[in-house]
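What follows is one structure encoded as structure tokens, with my remarks underneath.
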Amino acid sequence: MSETGASYAAAGVDIEAGDRAVELMKEWVKKTRRPEVLGGLGGFAGLFDASALKNYERPLLASATDGVGTKVDIARQLGVYDTIGHDLVAMVMDDIVVCGAEPLFMTDYICVGKVHPERVAAIVKGIAEGCVLAGCALVGGETAEHPGLLGPDDFDVAGAGTGVVEADRLLGADRIRTGDAVVAMASSGLHSNGYSLVRHVLLNQAGLSLDATIDELGRTLGEELLEPTKIYSLDCLALMRATEVHAFSHVTGGGLAANLARVIPDGLHAVVDRSTWTPGPVFDLVGRTGDVQQLELEKTLNMGVGMIAIVPQESADVALATLADRGVDAWIAGEITDRGEHTTGAALGGTYSS
């Protein structure tokens, strides 16, 4: 007797493929394990032993959530799935460390048109590797199959993370003082912002191929666009242990000026000297190819700076030495001043001023 009627599989959802993906990703998730993590992969919720926080006088939990935007389409077109997870961890955990918090754990959400177990496992591999670089555990996640809404090869990723900081070590605008140094940390490339503009200019308007070797980049366009976002979490924590830090700013959507402005208190101004660094060639490629105005580039892309640390002037040398020891390219990009000392730039703090 033949089976009749509708089924989940006939509707496009393959439960067995999902189970296979979970099995493939388990080895990578194990690599992120911290001693506070309880249980294994496959439960309804990830468990983290909060008794570890008893050593804090007043622990503050920090949380953040994010995705990687349309960079996932570059990964889809190239069939490269094991780097996009680095981007996801960076976008979440580098937001958490900005307040001085140590990353603790993360969960992910992967949405696909059709479950290809090896692809899903590759994405989770990248997330797990990113979690190791950020010092956090990957305690769980969800893979959802959405046939009819997404094409068979389409996917998206998102994640949420939690960190902890001692209340009296919380970083932010209230710590910043006139004369503080603005320490810039180099980005690894475009990171994970502005890809709608980048794709429009380079792929749609100029018709460049992702497989094309671009002389000024020294590699293919696809390799450049998939360069993983730098994860600064452990570098920032090391900096806090080495010297006094007043604030961090993660340079994401909105560019350097807008993100720096988020941590500048009323009455103060961040004066950043553009001449202290040269953005990588990919930024010029986007601007030149699309005839994109400089201001548009600066408010959309990171322009070569992925993280900012604001430290007392007397801590600047230690900060630079600490970051250099960790292989982070960093430099003094500016200083904090009273607004009345400079008339150039916008009224909001954190803008460029030559």
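- Crowding of Asp284 atom CG: a count of heavy atoms from other residues, nucleotides or ligands under 6.0 Å exceeding 12.
- The number of heavy-atom neighbours closer than 6.0 Å to CG of Asn204, taken from other residues, nucleotides and ligands shown, is above 12.
- We find the CD-CD1 distance between Glu335 and Ile310 to be 12.0 Å, quoted to the nearest 0.5 Å.
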message: Between Tyr195 and Asp73, does the side-chain contact (heavy atoms from CB on, under 4.5 Å) criterion hold? Intermediate values first, please.
response: CA-CA 9 Å; Tyr195 272 73; Asp73 193 55; over 6 Å; no
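- Judged purely by atom type and a 3.5 angstrom limit, Glu166 uses its side chain to pair as donor or acceptor with the backbone of Glu57.
- Proximity of a side-chain donor or acceptor of Ser249 to a complementary backbone N or O of Asn259 within less than 3.5 Å is detected.
- By the side chain to side chain contact (heavy atoms under 4.5 Å, CB included) test, Ala173 is found to be paired with Pro265, residues two or more places apart in sequence or in another chain being considered.
- Taken to the nearest 0.5 Å, the CG atom of Asp95 stands 10.0 Å off from the OG1 atom of Thr65.
- Looking at Val97 and His250, their side chains never come closer than 4.5 Å, going by heavy atoms from C-beta outward.
- Applying the 6.0 Å contact sphere to CZ of Arg169 captures no more than 12 heavy atoms from other residues, nucleotides or ligands.
- If you look at Tyr81 and Phe155, their ring centroids are closer than 6.0 Å.
- Minimum interatomic distance between Gln77 and Leu203 (heavy atoms only, all atoms of both residues): NE2-CD1, 4.2 Å.
- Counting only distance, with no hydrogens or angles, the side chain of Thr289 and the backbone of Val286 share no donor-acceptor pair below 3.5 Å.
- Once rounded to the nearest 0.5 Å, the distance linking CG of Leu301 with OG1 of Thr252 reads 12.0 Å.
- Linking ILVMFWY residues whenever their side-chain heavy atoms come closer than 4.5 Å, directly or via other members, leaves Val263 and Leu170 in distinct clusters.
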Item to complete: Take His116 and Asp153 through the side-chain contact (heavy atoms from CB on, under 4.5 Å) test and state the conclusion after the steps.
Response: CA-CA 9 Å; His116 300 279; Asp153 293 325; 3.6 Å; yes
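- Ring geometry for Trp331 versus Trp277: interplanar angle of 30 to 60°, hence tilted.
- Residues Val92 and Asp66 come closest through the heavy atom pair CG2-N, 3.8 Å.
- In this structure, the side chains of Asn193 and Asn302 stay at 4.5 Å or more apart for every pair of heavy atoms.
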Worksheet entry | Verdict with reasoning, Val272 to Leu260, per side-chain contact (heavy atoms from CB on, under 4.5 Å) | CA-CA 10 Å; Val272 176; Leu260 187 50; 3.8 Å; yes
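- With contacts defined as side-chain heavy-atom distances shorter than 4.5 Å, the pair Ile110/Val112 qualifies.
- Between Asp87 and Thr83, the shortest heavy-atom distance links the atoms OD2-O, 3.3 Å.
- Under the 4.5 Å side-chain heavy-atom criterion for Ile, Leu, Val, Met, Phe, Trp and Tyr, Val98 and Val251 are members of distinct hydrophobic clusters.
- In terms of modelled atom types and a separation under 3.5 Å, the side chain of Thr300 and the main chain of Glu296 share a donor-acceptor contact.
- Leu133 is connected to Val89 through a chain of hydrophobic side-chain contacts under 4.5 Å among Ile, Leu, Val, Met, Phe, Trp and Tyr, so both are in one cluster.
- Met93 approaches Phe105 most closely through the heavy-atom pair CE-O, 3.2 Å.
- With Glu145 contributing its side chain and Val115 its backbone, the two residues share a donor-acceptor pair below 3.5 Å.
- A heavy-atom distance below 4.5 Å is found between the side chains of Leu171 and Phe248.
- Electrostatic pairing of Asp180 and Arg177 does not count as a salt bridge here, judged by no charged N lying under 4.0 Å from a carboxylate O.
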Worked verdict on Val183 versus Leu320 for side-chain contact (heavy atoms from CB on, under 4.5 Å)
CA-CA 8 Å; Val183 177; Leu320 292 178; 3.9 Å; yes
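- Residues Met303 and Val305 are not in side-chain contact: their nearest non-hydrogen atoms beyond the backbone lie 4.5 Å or more apart.
- A donor-acceptor pair is defined here as one N or O able to donate and one able to accept, closer than 3.5 Å; no such pair exists between the side chain of Arg241 and the backbone of Cys236.
- A heavy-atom distance below 4.5 Å is not found between the side chains of Arg175 and Val245.
- Between Ser192 and Lys71, the shortest heavy-atom contact is OG-CD, 3.9 Å.
- Two residues are said to be in side-chain contact when any heavy atoms from C-beta on lie closer than 4.5 Å; Val124 and Leu138 meet this criterion.
- Glu224 and Arg219 are joined by a salt bridge, as a carboxylate oxygen and a charged side-chain nitrogen come within less than 4.0 angstrom of each other.
- Looking only at side-chain heavy atoms (C-beta outward), Asp108 and Val157 stay at 4.5 Å or farther from each other.
- Under the 4.5 Å side-chain heavy-atom criterion for grouping Ile, Leu, Val, Met, Phe, Trp and Tyr, Val201 is connected to Phe283 within one hydrophobic cluster.
- Both Leu208 and Leu190 belong to a common hydrophobic cluster when Ile, Leu, Val, Met, Phe, Trp and Tyr are linked at side-chain heavy-atom distances under 4.5 angstrom.
- Residue Glu216 comes nearest to Arg288 through the heavy atom pair OE2-NH2, 2.9 Å, listed as atom of the first residue, atom of the second, then distance.
- Taking OG of Ser187 as the start and CE of Met307 as the end, the distance is 11.5 Å to the nearest 0.5 Å.
- To the nearest 0.5 Å, atom CG of residue Asp82 and atom CD of residue Glu129 are 7.0 Å apart.
- Of the possible donor and acceptor atoms, one in the side chain of Gln313 sits under 3.5 Å from a partner among the backbone N and O of Gly179.
- Ion pair Lys230/Asp94 not flagged as a salt bridge, since none of the NZ, NE, NH1 or NH2 atoms sits closer than 4.0 Å to an Asp/Glu carboxylate oxygen.
- The line from CG of Asp235 to CE of Met185 is 7.0 Å long, rounded to the nearest 0.5 Å.
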Please determine whether side-chain hydrogen bond (donor to acceptor under 3.5 Å, both in side chains) holds for the pair Asp211 and Thr220, giving the CA-CA distance in whole Å, both sets of side-chain angles, and the decisive distance to 0.1 Å. CA-CA 6 Å; Asp211 294 325; Thr220 69; 6.0 Å; no
